[in-house]
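Just below is one structure, and these are the notes that go with it.
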Amino acid sequence: MGDSQYSFSLTTFSPSGKLVQIEHALTAVGSGQTSLGIKASNGVVIATEKKLPSILVDEESVVTNVNQMSLLQVQKIQHLTPNIGVVYSGMGPDFRVLVRKSRKQAEQYNRLYKEPIPVTQLVRETATVMQEFTQSGGVRPFGVSLLVAGYDDKGPQLYQVDPSGSYFSWKASAMGKNVSNAKTFLEKRYTEDMELDDAIHTAILTLKEGFEGEISSKNIEIGKIGADKIFRVLTPAEIDDYLAEVE
Amino acid sequence: MSIFEYNGSAVVAMVGKNCFAIASDRRLGVQLQTIATDFKRISKIHDRLFIGLSGLATDVQTLYQRLVFRHKLYQLREERDMKPETFASLVSAILYEKRFGPYLCQPVIAGLGEDDKPFICTMDSIGAKELAKDFVVSGTASESLYGACEAMYKPDMEAEELFETISQALLSSVDRDCLSGWGGHVYVVTPNEIKERILKGRMD
């Protein structure tokens, strides 16, 4: 892997037993834009801030067809399979790489077993990739934490995957800049029997808590999956409807 | 003589009402010589999934070991048993991996899927799946088996009647094939139990 001078692992243990590179990766995540996910009784919602750095950024959105998939220049919420979606906090380019790898693994599983990959299996394989980058020569850990939302035979599921490769199942979680406020807010607002629409409202309110400026359908992104097992990113029009309901 | 006929074999599976039966002969031969009369061709993958393999005996054993290996890992990773349809796709993929140097076997897969619905399928030695609603056959006696099953089969048989039908089909077919026979081994699987029986036929 490259020059022999760089064939040792860049992630080495410190005397205190920590992997400092991973700590730094988590800091990179912590300074990324806030994202969160909530598992409802009949689905999962994930959402993120999408603050563009300047008004000069061309965020032209084009609503293409009846499936209402909008082609935004910057889409932070992505599909991994028709029934699994993912959002991140941290470095966008690292996220793109992980999405590509995860999609390939999901499709390989499907090709072998002719069955859609269960959410836990895809999360585990993605986490394995992230772990490999903490123990290989000449590479650095990924600077993203992922929130994976899916609906399979085991029902709705929400997982967080960290740069270290550890993954956790959450009822509700947040990551990024505003993580502690958001998590406190979610702890108060979360109920076990919440339905998907309530969860979407709660997600919007949680994002609003730490939002600098005016929240609108142009500076947040929301993805949801219900019992129909189809993951969808909401169009700006749908987000506007939910925002209006929340007001 | 074709390599598929080196050891001799007969395997058949049939669908009943919320149950299935899978049966094989017991002869292991080396061309005209009979070496063993208790060769196991059908093996259990889990309580609701069986696979019968006909063809070259060494490949029958090796392929079975590989499939059990894959299924055990799957069980550990996914904390569940494989569905019959999934297992069939896996067997097909494994056979196709060896497309240009194949395992010389023809598998017959039989299992109970979701809602106790029976599932059977067969494939050729390079993984071309053939699903059927009634019965599947494989081995040197396959042509006789096709005829016997077609004549004797009826849909929605209960476990006992299914056992009688598959046993008669197997025994009459292997009697017309010099390379298979020496008794039969029949498994009848319902959602509650697995019944394994040995048949005594013409011992020649």
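Each chain gets a letter, A, B and so on, in the order the sequences are listed, and its residues count up from 1.
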Which bit of A:Arg124 is near chain B, if near means a heavy-atom gap under 4.5 Å: side chain, backbone, both or neither? side chain

How about [atom1] on [X], more than 12 heavy atoms from neighbouring residues, nucleotides or ligands closer than 6.0 Å, or not?
| X | atom1 | answer |
| --- | --- | --- |
| B:Glu196 | CD | yes |
| B:Arg197 | CZ | yes |
| A:Lys101 | NZ | no |
| B:Gln75 | CD | yes |
| B:Lys17 | NZ | no |

Heavy-atom closest pair (A:Glu115 atom, B:Arg80 atom, distance to 0.1 Å) is OE1-NH2, 3.1 Å

Are the side chains of [Y] and [X] in contact, using a 4.5 Å heavy-atom criterion?
| X | Y | result |
| --- | --- | --- |
| B:Arg77 | A:Gln121 | yes |
| A:Tyr113 | B:Met82 | yes |
| B:Arg70 | A:Leu112 | yes |

Contact origin within B:Tyr74 toward chain A - heavy atom pairs under 4.5 Å: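 Only the side chain of B:Tyr74 comes within 4.5 Å of chain A.
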
